[in-house]
Amino acid sequence: MVAAYLTDAAAALSSDGRAQFSPATLSRWVSSINQIHTAAGLSAPGRSEVVRRALSGVRRSRRTPPKRRSPLLLADLRTIHAELSPSLRVWPDAMAAHRDGALLLMGFAGAHRRSELVALRMRDVTVHPADGLHIRMRSSKTDQEAHGAVRALPFGRYPATCPPCALIRWRRVLFAFDEGGRRAAMNEVHRRGLTAEHCCRTVDDSKVDADPGGDGGQPAEQAPVGERWLFPSIHKSGRPGAGPMSGDAVAAMIKRRAAAAGYTPAQVDLLGGHSLRSGFVTEAFRAGADAHSIMRQTGHKDPKMLEVYAREHAPLVGNAVMKLDL
């Protein structure tokens with residue numbers, strides 16, 4: 001029955017004539033069916049030979065390479081930041097620009113998945129005097145039981161690409177809006193300056209653990225500061241929303257910022273929420289980092305998973321062809 005179900009689904013076509021379901025989707029269905037049966041004390045039908053052969057046949061008939069997201073490297077982030085900078089001083093673009101700048105740098109340096117970024121609250125991120133940022137990961141794709149872990153993001157050499165600086169600037173602008181609305185937020189921007197110098201060495205985190213004061217731009221139903229979403233949705237008027245960004249919104253933001261920075265439509269189409277995590281791994285391999293040190297930041301359990309990034313985006317790193325005197 002399961003084999004017939006897969007065969008029928010594999011033959012389904014969408015309106016443009018393409019296959020409606022990919023082999024990966026069918027494999028996930030089988031995995032779900034197996035889990036439900038196992039939980040009920042029954043044998044998993046997906047492990048039977050007839051189902052395995054059905055899946056194998058679908059994979060063979062769809063021999064197309066998977067569409068992987070292109071990595072955003074450090075040079076790409078600098079390019080996007082250069083395009084982003086003018087918006088930091090203009091209302092209402094300033095709110096989204098500060099948020100996006102912090103999200104891009106933290107997502108890259110922390111090798112975060114987009115689901116991890118949108119799940120962060122203010123209290124999950126603290127400025128450490130020696131390490132930079134300490135990010136409390138309450139759960140993740142590889143930590144479904146929420147044991148938790150701390151991921152550190154170091155101080156950057158340059159103010160424009162320093163994750164702690166970006167986070168602090170975004171947090172200050174957001175708190176200013178809470179207390180006095182648009183005018184207070186823009187006064188904060190112009191009073192503090194932008195990215196000409198570091199601001200990460202002199203910061204007070206006490207605000208995060210206290211209830212916000214004032215009634216300027218803050219909604220009446222606003223939660224205590226520490227429980228606020230770190231990356232909230234932002235209305236086109238510049239007003240922060242009560243809820244967090246969605247994972248799809250993160251991917252759309254990355255595409256939008258890259259397009260504004262001059263990337264071609266073909267390049268933009270290959271970008272997504274995973275581009276930040278992929279970019280970290282690729283940049284780290286190119287800089288000579290070993291798999292173990294990369295896994296400490298990414299949280300991967302198996303170094304084989306990193307081989308995908310190395311093979312796709314850094315094919316010459318550790319490759320014997322570089323030893324040849326061509």
Side-chain angles (χ1 to χ4, degrees), residues 80-81 83-107 110 112 114-127 133 135-136 138 163-195 199-200 203-257 260 273 276:
I80 292 175
H81 179 270
E83 181 278 329
L84 193 69
S85 293
S87 300
L88 296 173
R89 288 182 175 272
V90 180
W91 187 267
D93 298 341
M95 294 298 291
H98 277 87
R99 179 201 65 184
D100 295 350
L103 187 150
L104 289 169
L105 285 175
M106 291 177 62
H112 290 296
R114 64 183 187 178
S115 60
E116 296 169 348
L117 289 169
V118 300
L120 291 174
R121 296 180 185 267
M122 286 288 178
R123 192 164 288 161
D124 295 329
V125 183
T126 56
V127 181
L133 295 180
I135 301 178
R136 170 64 62 179
R138 301 190 183 278
C165 281
L167 181 278
I168 292 166
R169 290 191 179 95
W170 158 237
R171 205 165 59 180
R172 284 173 174 171
V173 173
L174 181 61
F175 291 163
F177 182 90
D178 287 346
E179 295 180 352
R182 165 185 172 178
R183 178 170 298 188
M186 295 312 294
N187 285 343
E188 173 69 24
V189 168
H190 293 292
R191 181 170 67 90
R192 298 277 189 176
L194 296 177
T195 57
C199 66
C200 54
V203 59
D204 181 11
D205 262 357
S206 60
K207 176 79 172 178
V208 178
D209 297 319
D211 287 337
D215 59 357
Q218 184 180 20
E221 69 276 8
Q222 184 67 64
V225 172
E227 296 303 318
R228 292 192 62 182
W229 298 106
L230 183 62
F231 298 117
S233 60
I234 295 179
H235 191 263
K236 62 182 179 181
S237 66
R239 186 181 184 85
M245 296 178 72
S246 66
D248 289 341
V250 172
M253 180 275 289
I254 291 174
K255 289 177 177 287
R256 184 173 64 255
R257 295 297 185 187
L276 297 174

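- With L230 as the partner, the side-chain contact (heavy atoms from CB on, under 4.5 Å) test is satisfied by one option alone out of L174, L167, L117: L167.
- Two residues are said to be in side-chain contact when any heavy atoms from C-beta on lie closer than 4.5 Å; L133 and V127 meet this criterion.
- Residues S87 and A97 come closest through the heavy atom pair CB-CB, 3.9 Å.
- Rounded to the nearest 0.5 angstrom, D124 CG and E227 CD are separated by 8.0 Å.
- Of all heavy-atom pairs between W229 and A242, the closest is CD1-O, 3.3 Å.
- Residues R136 and T126 fail the side-chain proximity criterion, which asks for heavy atoms closer than 4.5 Å.
- In this structure, the side chains of M95 and W170 come closer than 4.5 Å at one or more pairs of heavy atoms.
- Note that NE2 of H190 and CG of L88 are 10.5 Å apart. Values are rounded to the nearest 0.5 Å.
- Shown here for H112 and I135, the closest heavy-atom pair between the two residues is NE2-CD1, 3.6 Å.
- Using modelled atom types, no side-chain atom of R99 and backbone atom of F231 make a donor-acceptor pair closer than 3.5 Å.
- Note that CG of L120 is 6.0 Å distant from CE of M106, once rounded to the nearest 0.5 Å.
- For the pair L103 and L276, the minimum side-chain heavy-atom distance is below 4.5 Å.
- Nearest heavy atoms, R228 versus P240: NH2-CB, 4.3 Å.
- Nearest heavy-atom pair, C199 versus R172, reported as atom, atom and distance to 0.1 Å: CB-NH1, 3.8 Å.
- Heavy-atom minimum distance, G101 versus A166: O-CB, 4.2 Å.
- Distance check, rounded to the nearest 0.5 Å: CE of M186 to CZ of R89 gives 8.0 Å.
- Looking only at side-chain heavy atoms (C-beta outward), R239 and F177 come within less than 4.5 Å of each other.
- A 4.5 Å side-chain heavy-atom check between D100 and R256 finds at least one atom pair inside the cut-off.
- Considering CZ of R114 and CD1 of I254, their distance stands at 9.0 Å, rounded to 0.5 Å.
- Counting only heavy atoms from C-beta outward, the side chains of C200 and C165 approach each other to under 4.5 Å.
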